[in-house]
Amino acid sequence: MKSDVRPRGLTPRTRRGVTRWLLVLLLAVLSLPFVFPTWWMATSSLKPMSEILRRVPTVWPQDPSLDAYGRVFTLQPFAQQYWNSLYIAVLVTLGTMLVAAMAGYAFARIRFPGANALFVLVLVGLLVPSEVTIVPLFRIVNTLGLIDTHWPLIVIPVLGAPAVLAVFIMRQFFLGLPVELEEAGRIDGLGRWGVFWRIAVPLSRSALGAVAIFTFLKSWNLYLEPVVYLSSKKNFTLPQALTQYVDAYGGPMWNVQLAATTLTVLPVLVVFLLAQKQFVQGLAHSGLKG
Amino acid sequence: MSAHRTRGRRTAGTAAVLGTALALTACASGADAPVGEPDTPDEPVELRMTVWTADEAQLGLFRSIADAYVAENPELVSGVTFETIPFDDYTTALTTQLAGGNAPDLAWVFESNAPEFVSSGALVDLRPVLEDTEGYAFDDLVPSALTLWEEGDGLYAYPFSTSPFAVFVNTDQISAAGQPDPADLVADGGWTFDAARDIAAATAKDSGKQGLVVRDFDYQTWENLATVWSGWQAAPWSADGTQCTFTEPAMVDALTWFHDAVFDDGAMPGPGTTADFFAGDAAMTITQISRASALDGSFGWDVVPLPAGPAGPQNVVGQAGVGVFAAGEHPDVAADFLAYFTNAENAERLAAYFPPPRQSLLDGETLGDANPLLSAEQLEAVVVDGVQDAVTKPAHRNFAQLSETVRAELDALWVPDADVEAVLADTCAAVTPLLED
Amino acid sequence: MAAASAAARRDRLVGYTMVAPVVLGSLAFVVLPLGMVVWYSLHEWNVLANTFTFVGAENYQRMAADPGLADALTATLWFSVGLVVVNIALALLLAVLLDQKLPGTTTFRTFFFSPVVVSLVAWTIVWSFLLQADGGINGFLGALGIEGPNWLRHPTTALVAVVIVQVFKNVGLNMILFLAALQGVPEELHEAARLDGAGAWRRFRSITLPLISPTILLVSIITIVGSLEVFAQIDVLTGGGPGSSTTVLVYYLYQQAFRFNEFGYASALAVLLFLIVLVLTLLQWQSRKRWVFHEV
């Protein structure tokens, strides 16, 4: 026992300090299952194939090499594919923000006949798993002659089922926004559009930020749809491109795949690291909070 | 790779939507026109072929063959595109294209899908085109290699890759354990499954790693065990695909042998343990010789034919086919291109990656160019001889369902105290209705 | 009067214009495809053979007699319940811990969130290595003197393993939602309760939980619906086995459509899946009045 070191016992303050450090320790232990796979993924991109497949994973490469990163770019037009994913995700994000802000505002604020019925109609999109509608959607896209183009990856997410959560978030946000803030604008002679653009949208920045992050991540990671819609390598998006790093017999080139995966994950993680404060606050102020 | 799927919220009265069954027909666009000498189309057509390889060297070879074809037939074809679909999602994407009315002109077909594709009428009969194409030398094709792709007199796909199964050996581990060299056993006729098991068990004990790995089996893809039970002349169902033969003595013996090798002798990794031979984690592995490309020289290795079972040696091959879709827009042109793509001359070029089903190309020398890692003797012993009278892995018109059902039933076998006969009886009970379908 | 009604008309017009994109989009990309799925479900459709035959309700009658479907529904029930309970409990725990303004919170928050942006397939493959009989998890348990099971080869542990892998992948997002909700709980309420002598647990139960209950409702709806769509994880980790213990409904649907080529039947299963999601959501929404502290 070390109690004799502190003859007066633990003060409430030190006890609080000890508890806090125990909590930090708990967090550290809990982090392991979250961090280790990502760590393994990133470091394995520096290993040769045979070391990656070893049954007992090595924590740090025995002989690190950046070789795989070079091959990421020589085997496929990876830079082009990166650009595809980026511009699609940006367009989808901007489009969704616009569509969701308008629809969310109208459903929350404007009285028009059939508003409730239309809202319920839109909400159906939340309930449809993408596996359910992939075949009919493919038929529609094919009929329109848009196979192997980026259109279905941009238009369907902005207008279809994936946008519904965004509409919902925006509607909840505008419902919680005091009407008085808009009244001032009305008195100043602004019309509906003016109120929307000049007052409502600037006030909803935090909610829009949350919508933006959700939407961007979803588009960035979309897998089934590009695999089905796109067929030429120069049109591929990143998640689909990752599966293309295989050897002549279909066996994955793990080090190259993991190098490419690391390249797709790192920027998003860095952005999250920098923006997480705004992200959390954005959500805290959006309709998702209590 | 999808992120968090975010859906779900209130709704009321949406059931009404379901009542709105929209009158949309899945307009079937089947082309029933007989395939023969292609009529010259009004303008040259674009052909599309789906493949699962993403290897640029292979795709480059395909394109160069296609370019030569276009140059010879400019009035027929303006170009051929090779569309890579990821291996794991190949069937999904291909089926979606078919369902969506956007069938490719040509497609690679998995071995396990062969009977389903062949019997469905989705593919056109290639035999007339191949036989009539000048210089094709149809008789050069190894008959046993075509069996899987035939129905009646028709040949519905060309097995462009016919790759024998063999045993790769980590000679470093085996000699360290003081075990006999399998190549010597092959020479004196002692290379049997029992011998392989004993070597594997002793080597695994010595190395602390695994013994013999049936690659890609993983206690799920059970059809890969055909490389083992064929040595017992066992098969999951009768040749005509109507009778379950899991309960036949040969199969019971073969699977008992396998079960005991895993659970009693420790000669093979148990369920839930994967070991990669090419990473140096196992003494031996049964796989196709094309996997030699995965060897990186970090250990000494050899390749030998499959061991003999109680019923003697039996060669096993894995195949992949390429066929022409009847629902494609230009089946006749596509068939003509296929005949060019796989003619004697181009088959030799394709042999750089895919062991061809052509007798004249099956010699150590031709294949040696394609497989620089393997010696002419190894190729002679494993590939050239391995293709002769080889059987393929089990296949069936109803294979997808059978595969899933058998996998679920055999899960009961992969425990230490399994009652092999009882499990196989259950398997047959579950499988029989599907065979009769 | 006339001016007012003209303004109201204009307002209405603006309303319709604003919702037009998403309403038309829903009609084209949600309602129309759903209708097509219902239409397909009334047919026997073999994509390979190119046959499309009207069979009426046959696919629906077949469901009732399909033992595979019964197994799939059982697996789905356990999977979804397990996933929702574990996910929400862990998300809440992490959020509460991160709300304590401890040192390193920013780093930990990034750690817990990071799997959300990682590729699902890569994530699952790493875990399939870790979950092997002699893999990293059992090595860790062994160091603690526990003999770990052969995770992916026993029906119960396989289901548990799939749930755990899925939870670690996505709990970060729910954690953030809870964290945002926790930060919306006024500090004064806690202070007041503390002065009244309420302990930490008591305060959590009587103040925090009720105030964040709308978020719990939303998160549980999102998670349940998400749990019904888990596919790639199961494909990589267990392939639906052992036996049929991890063959959940969407995996079964996928098998029927893309492996067995039963597009008609798969469409009927899709309609069933949609109805299940619909009913669950309605039930949760209806029950909110009983346990959700105030309206969203």
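Scope of the values below: all heavy atoms of this structure, side chains included, with no hydrogens, waters or symmetry mates. Throughout, a chain's letter reflects where its sequence line sits, starting with A, and its residues are numbered from 1.
Each of Leu30(A), Thr133(A), Val167(A), Thr38(A) has some count of heavy-atom pairs under 4.5 Å with chain C, and the biggest count is that of Leu30(A). Heavy-atom pairs under 4.5 Å with chain C were tallied for Ser44(A), Ala106(A), Ser31(A); the largest tally goes to Ser31(A). Note: Thr106(C) leads Leu90(C), Thr107(C), Leu273(C), Thr106(C) in heavy-atom pairs under 4.5 Å with chain A. Between chain A and the options Phe178(C), Phe140(C), Phe263(C), Trp123(C), heavy-atom pairs under 4.5 Å are most frequent for Trp123(C). Per-residue counts of heavy-atom pairs under 4.5 Å with chain C were compared for Ala28(A), Ala115(A), Ala163(A); the largest is that of Ala28(A). Between chain C and the residues Ala103(A), Gly104(A), Pro33(A), the largest count of heavy-atom pairs under 4.5 Å involves Pro33(A).
To the nearest 0.5 angstrom, Ile224(C) atom CD1 is 7.0 Å from Ser80(C) atom OG. Note that CG of Leu146(A) and CD1 of Ile156(A) are 9.0 Å apart. Values are rounded to the nearest 0.5 Å. For the atom pair CG (Leu25(A)) and CZ (Arg20(A)), the distance works out to 14.5 Å, reported to the nearest 0.5 Å. Summarising the geometry, atom CG belonging to Leu131(C) is positioned 8.0 Å from atom CG belonging to Asn138(C); distances are rounded to the nearest 0.5 Å. The OG1 atom of Thr124(C) lies 10.0 Å from the CG atom of Asp235(C); values are rounded to the nearest 0.5 Å. A distance of 10.0 Å separates CZ of Arg111(A) from CG of Asn116(A), quoted to the nearest 0.5 Å.
Contacts of Phe168(C) with chain A are made by both backbone and side-chain atoms, with heavy-atom separations under 4.5 Å. Within the 4.5 angstrom heavy-atom criterion, no atom of Leu98(A) approaches chain C. Within the 4.5 angstrom heavy-atom criterion, atoms from both the backbone and the side chain of Val122(A) approach chain C. Contacts between Val22(C) and chain A at a heavy-atom distance below 4.5 Å involve backbone atoms as well as side-chain atoms. Ala28(C) touches chain A through its backbone: at least one of N, CA, C or O sits under 4.5 Å from a heavy atom, while the side chain does not. Of the atoms belonging to Arg109(A), not a single heavy atom falls under 4.5 Å from chain C. Looking at Leu102(C), the atoms closer than 4.5 Å to chain A (heavy atoms on both sides) sit in the backbone and in the side chain alike. Of the two parts of Leu280(C), neither the backbone nor the side chain holds a non-hydrogen atom closer than 4.5 Å to a non-hydrogen atom of chain A. Interface remark: Tyr254(C) contributes no atoms to any contact with chain A (heavy atom separation under 4.5 Å).
Nearest heavy atom pair, residue Met175(C) against residue Phe113(C), reads CE-N, 4.5 Å.
Few gaps surround CH2 on Trp193(A); more than 12 heavy atoms of other groups in view lie less than 6.0 Å from it.
Ring geometry for Trp220(A) versus Phe216(A): interplanar angle under 30°, hence parallel rather than tilted (30 to 60°).
Looking at Ser267(C) and Ser41(C), their side chains never bring a donor and an acceptor atom within 3.5 Å of each other.
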| Test log, rule side chain to side chain contact (heavy atoms under 4.5 Å, CB included), inputs Leu130(C) and Trp40(A) | CA-CA 11 Å; Leu130(C) 292 173; Trp40(A) 181 89; over 6 Å; no
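Taking the ring-ring contact (aromatic ring centres under 6.0 Å, His included) definition, one finds that Phe111(C) meets it with nothing, sequence neighbours left out.
At a heavy-atom separation below 4.5 angstrom, chain C is approached by Thr261(A), Val265(A), Val268(A) within residues 258-268 of chain A.
Contact check for Tyr105(A) versus Ile110(A): side-chain heavy atoms found under the 4.5 Å cut-off.
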